[in-house]
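Below is one structure; the comments refer to it alone.
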Number of protein chains: 2
Amino acid sequence: MSDHRPLPLLGAPQTERRDAARNREALMCAAAALVAEHGAAAVTMDEVAARAGVGKGTVFRRFESREGLMGALLNQSETDWQASVISGPPPLGPGAPPLDRLRAFGRSRIEVTLQHAELIREAGRVGPRSYAAYSFTAMHVRYLLAEIGVTGDLPLLATAILAPLEVPILDQQVRIEEFPVDRVYEAWTDLVGRVVQR
Amino acid sequence: MSDHRPLPLLGAPQTERRDAARNREALMCAAAALVAEHGAAAVTMDEVAARAGVGKGTVFRRFESREGLMGALLNQSETDWQASVISGPPPLGPGAPPLDRLRAFGRSRIEVTLQHAELIREAGRVGPRSYAAYSFTAMHVRYLLAEIGVTGDLPLLATAILAPLEVPILDQQVRIEEFPVDRVYEAWTDLVGRVVQR
DNA sequence: CGACTAAACGGACTGCGGTCCGCTTTCATT
DNA sequence: AATGAAAGCGGACCGCAGTCCGTTTAGTCG
């Protein structure tokens, strides 16, 4: 009756077998290298598997899908960025007045999104990753709006402020219509100003 | 030296051969039926071809790609909608004050987007179709903002107002977070109010 | 009406994402 | 060190989007 499963302990990261960890590492490296060489869109799962020296099935067990793999790649930089928002130097990090932080957030987000645009597109709307990223930015903006003293439907207002920073829209404006990034940022700042009523 | 090409005449729709026209028709019907039956995501190009009684190559010659086919399907309803914006009854059509028209536009766009969400997603960012749709709405909103007397970077302001009406965002809010459509619409109206400073 | 050509056709073929299942490795236990 | 079983592995296999090219057909001109 009494089963002796190790009782996961929550802090211990779910003990991954040694070979599994090694392969995950190798796969991430191989994928990153291939993305750097040929662009994310041109990377195939077979290539990644071959380059990492593992079978194709292994890639899919580790990362679920092509989108999952791209998402994992993306997460590396995304996590760093989140850290600099949470605890980096102001005005992006804490310490500056909330409206300044919000402006810095927008600027930084535009740059980071454009820089990883291809990867983000390839990662698609893969469940957990994208949702985590979404909910982090949404929460942060909501918090800043509250700090500023904005009243109204904050969750939806935050979404409205974030929407023009999504890849398809930024791509359209910057890469297709060739608006300068500075102008896009100015316009976003203007939008924020109107929303917070200043 | 003098070649007697018929000089396309621009009004005559590029004379499509009779059989080609017949097949295009059959393919659109077949595709629409399959979408209605199994949902857009589940429709395969082979099925469409078989149902229309033509070869697969024909489907791709007519519609370029899967996304192109979905885009063509979408265009049918999109065109009707555009007509009702341009020349339908107020407040969506002309005749009402511009701010009322803008509000009606938002409401209508939310509904139409949610209704065709699957098709829109399947149609992806297929060049001409999506771009045409995008530029129609952008132009219309820009026009209404100007009528209202809004000052600022109108092209980008228009984009900012349209961004929260895109499928991924609406989907997230309505289908995942389960906000009622009315609340989403209220929040969008509030956003518009802040942008036009009222 | 017959001949000619450009357009259209169709289905075999390719490449990729994703699955499946029999075999191998790790590691806890004794 | 031996052993047992769960976790991991790999590559053959499948379905689908998209291409290619030899064959057929619509429309035109003498």
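Lettering follows sequence order; numbering is per chain, from 1. The figures that follow rest on heavy atoms only: side chains count, while hydrogens, waters and symmetry mates do not.
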(message) Given 3.5 Å as the limit, does a donor-acceptor pair link the side chain of Ser108(A) with the main chain of Ala104(A), or not?
(response) no
(message) Between Glu177(A) and Arg183(A) (salt bridge meaning N to carboxylate O under 4.0 Å), is one present in this structure?
(response) no
(request) Locate the shortest heavy-atom distance separating Gly71(A) from Ala123(A); write the atom from each residue and the value. (result) N-CB, 3.8 Å
(request) Scan for salt bridge (charged side-chain N to carboxylate O under 4.0 Å, His left out) pairs involving residues 98-110 of chain A, sequence neighbours excluded, and state none if there are none. (result) Glu78(A)-Arg109(A), Asp100(A)-Arg103(A), Arg107(A)-Glu111(A), Arg107(A)-Asp182(A)
(request) With a 4.0 Å heavy-atom cut-off, tell me which residues in residues 25-51 of chain A come close to DNA chain C, sorted by residue number. (result) Val43(A), Thr44(A), Met45(A)
(message) For Glu25(B), I'd like to know if atom CD has over 12 heavy atoms of other residues, nucleotides or ligands within 6.0 Å.
(response) no
Donor-acceptor list for residues 43-53 of chain B side chains, cut-off 3.5 Å, not counting sequence neighbours:
| unit_1 | atom_1 | unit_2 | atom_2 | d |
| --- | --- | --- | --- | --- |
| Thr44(B) | OG1 | Glu47(B) | N | 3.2 |
| Asp46(B) | OD2 | Lys56(B) | NZ | 3.4 |
| Glu47(B) | OE1 | Thr44(B) | N | 3.3 |
| Arg51(B) | NH1 | Glu37(B) | OE2 | 3.4 |
| Arg51(B) | NH2 | Glu37(B) | OE2 | 2.8 |

(message) Reading DNA chain D from 5' to 3', where do the contacts with chain B start and stop? Cut-off is 4.0 Å to heavy atoms.
(response) dC16(D) to dG27(D)
(request) Report the residue (Arg18(B) or Gly57(B)) whose heavy-atom-nearest nucleotide on DNA chain D is the more 5′ of the two. (result) Gly57(B)
(request) Sugar-phosphate means primed atoms, P, OP1 and OP2; the rest is base. With that split, encode nucleotides 2-9 of chain C 5' to 3' as B, S or - using protein heavy atoms under 4.0 Å. (result) ----BBSB
(message) I'd like to know if the side chain of Ser84(A) reaches the main chain of Trp81(A), judged simply by a donor and an acceptor atom lying under 3.5 Å from each other, with no hydrogens or angles considered.
(response) yes
(message) Taking the side chain as everything from C-beta on, heavy atoms only, tell me whether Thr113(B) gets closer than 4.5 Å to Leu165(B).
(response) no
Tabulate below the donor-acceptor pairs under 3.5 Å that side-chain atoms of residues 136-149 of chain B make, not counting sequence neighbours, or state none.
| unit_1 | atom_1 | unit_2 | atom_2 | d |
| --- | --- | --- | --- | --- |
| Thr137(B) | OG1 | Ala133(B) | O | 3.4 |
| Thr137(B) | OG1 | Tyr134(B) | O | 2.9 |

(message) Can you measure Phe60(A) atom CZ to dG17(C) atom P for me and round it to whole angstrom units?
(response) 7 Å
(message) Heavy-atom count check: over 12 atoms from other residues, nucleotides or ligands less than 6.0 Å from Glu64(A) CD?
(response) no
